[in-house]
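Single-structure report; data block below.
Any value given below was found using the heavy atoms of this structure, including those in side chains, with hydrogens, waters and symmetry copies removed. Letters go in sequence order (proteins before strands), and every chain restarts at 1.
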Number of protein chains: 2
Amino acid sequence: MARKQGSHAGITGPKVREAALKLFARHGYAAVSMRQIAGEVGVQAGALYLYTPDKQSLLADLMREHMEELLAAWAAADRGGTPPERLEDFARFHIRHHLDRPDNIFIAYMELRNLEPENFREIEILRNRYEGSLVEILDAGAARGDFAVPDTRLAAKAAIAMLNGVTTWYREGGRLGRAEVETIYWDMLRKSVAA
Amino acid sequence: MARKQGSHAGITGPKVREAALKLFARHGYAAVSMRQIAGEVGVQAGALYLYTPDKQSLLADLMREHMEELLAAWAAADRGGTPPERLEDFARFHIRHHLDRPDNIFIAYMELRNLEPENFREIEILRNRYEGSLVEILDAGAARGDFAVPDTRLAAKAAIAMLNGVTTWYREGGRLGRAEVETIYWDMLRKSVAA
DNA sequence: ACGTTAACTGAACAAATGTTCAGATCAAGC
DNA sequence: GCTTGATCTGAACATTTGTTCAGTTAACGT
């Protein structure tokens, strides 16, 4: 047997990335073998190399895609307005975005150490850019007296860490719904930086 | 060559755990080989099995030790008092404890997925116990009107996620000192649950 | 209908993995 | 000084790892 029926690169390519994302998030980059990914896709391990030069690129590409999508999505969602308004938008956007992509955040925040130096630097820049957009909001609000934060960079890190935490425990159909979770987190964040 | 000079189980045993902790935290459980751990200790791979039945137990033991130490340390540090006082104690204790043990928290919160089911359940219980002590404080404070938290379990998770974040960026000799960081985090936490 | 080529298989590769074990070596007690 | 037992080496093991590649198949343009 060789080429399967009804299979194209246009189908298999995304399937490979989806499978890798799912498995990396579930078990960690190092714990997942190319054969497991291939199995998930329904293909032999060798076929994966039609869609990625190697395993490391698979991880780096997934992380880059995620970060670029995140930055673009926030750029689109940012409605401007006063710093408190923008902060609320940011918090709700961040939670909503990641609850829709729980696997993404898992690898984006846990697999940095498995990136080779060159890839690491690239992803770190994207990450700092995203974090920077929150710092910017906090700076603007602090200048106007909306927020009382002794160090906006630290506050941004603390805020993102808190918001990210949601994906580690939130389960669809659980005790709390999305809207509730979103509002409760936003409320905590709002108060934590309040003047 | 065989037995090295001046080496005892009393020395090598802890060394093995230290090396494993350091390497697991740095690169992740799955990415670290027994030979790397042995190399760090200054011993051959086979010798590790004098101190652990297998690699999995090494991880599980490290996590259990960490959680038990954490629980014991908090039990000793908890001075009682009003809920706001206890919350402050908890926050400061948590940050201080983990800044002293950055590697521990890394594996305790990132390697859960690499535990076999039996070990996972055991560690999860310890983790819930620790988280429960924070929930308890929040419940008591909410009942007295000290805190305004719509869901104490969620608030506890959010708080711990925020506090844990400190170990991902804090570096000794950096822009901010320990005491400053501790106070800023406590201040954010205090406000985030304030009535 | 046919040839071309993209998509995939299946086997192979060297290297690395966790783990075992017979034997070598040293420290300590008699 | 000899024996004993704890401590470690070094080689071996079966598997699994990431990756390559010659060959096979099926879809598509002509």
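- Counting to the nearest Å, the P atom of C:dA6 and the CG atom of A:Leu50 are 11 Å from each other.
- Residue-to-nucleotide proximity on DNA chain D shows that, of A:Ala47 and A:Tyr29, the 5′-proximal contact is made by A:Tyr29.
- With rounding to whole Å, B:Tyr49 atom OH is found 18 Å from D:dG10 atom P.
- The CD atom of A:Gln56 sits 18 Å away from the P atom of D:dT17 (whole-angstrom rounding).
- A salt bridge does not link B:Arg64 to B:Glu68: none of the charged side-chain nitrogens sits closer than 4.0 Å to a carboxylate oxygen.
- The side chain of B:Arg35 lies closest to D:dA12 when the candidates are C:dT9, D:dA12, D:dT19.
- When the P atom of C:dT17 is taken as reference, atom CG of B:Leu23 falls 12 Å away, rounded to whole Å.
- Comparing A:Ala31 and A:Gly46 by the nucleotide of DNA chain D whose heavy atom lies nearest to each, the residue mapping closer to the 5' end is A:Ala31.
- B:Lys15 has its NZ atom 13 Å from the C1' atom of D:dT7, to the nearest Å.
- Here the side chain of A:Asp54 is nearest to one of D:dC8, C:dT19, D:dT19, namely D:dT19.
- Residue A:Tyr51 places at least one side-chain N or O under 4.0 Å from the OP1 or OP2 atom of C:dC8.
- In this structure, of C:dT17, D:dT9, C:dA12, it is D:dT9 that holds the atom nearest to the side chain of B:Val43.
- A salt bridge links B:Arg17 and B:Glu65; the closest N-O separation between the charged side-chain nitrogens and carboxylate oxygens is under 4.0 Å.
- Atom CG of A:Leu48 is separated from atom P of C:dG10 by 14 Å (rounded to the nearest Å).
- Close to D:dT16, at under 4.0 Å from its OP1 or OP2, lies no side-chain N or O of A:Ser33.
- Residue-level contact check: A:Val32 touches the backbone only, with heavy atoms under 4.0 Å from sugar-phosphate atoms and none from bases.
- Nucleotide C:dG23 holds its P atom 19 Å from the CD atom of B:Gln44, rounded to whole Å.
- Between the CG atom of B:Leu59 and the C1' atom of C:dG18 there is a distance of 15 Å, given to the nearest Å.
- B:His97 and B:Asn104 share no donor-acceptor pair across their side chains, judged by distance under 3.5 Å alone.
- The aromatic rings of A:Tyr29 and A:Phe24 sit perpendicular to each other, their planes meeting at more than 60°, with 30° as the lower class boundary.
- Under 4.0 Å is where a charged nitrogen must lie from a carboxylate oxygen, and between B:Asp146 and B:Arg144 at least one such pair does.
- At least one side-chain nitrogen or oxygen of A:Thr12 sits closer than 4.0 Å to the OP1 or OP2 atom of C:dC8.
- Relative to the side chain of A:Ala45, the nucleotides C:dT19, C:dT17, D:dT19 differ in distance, and D:dT19 lies closest.
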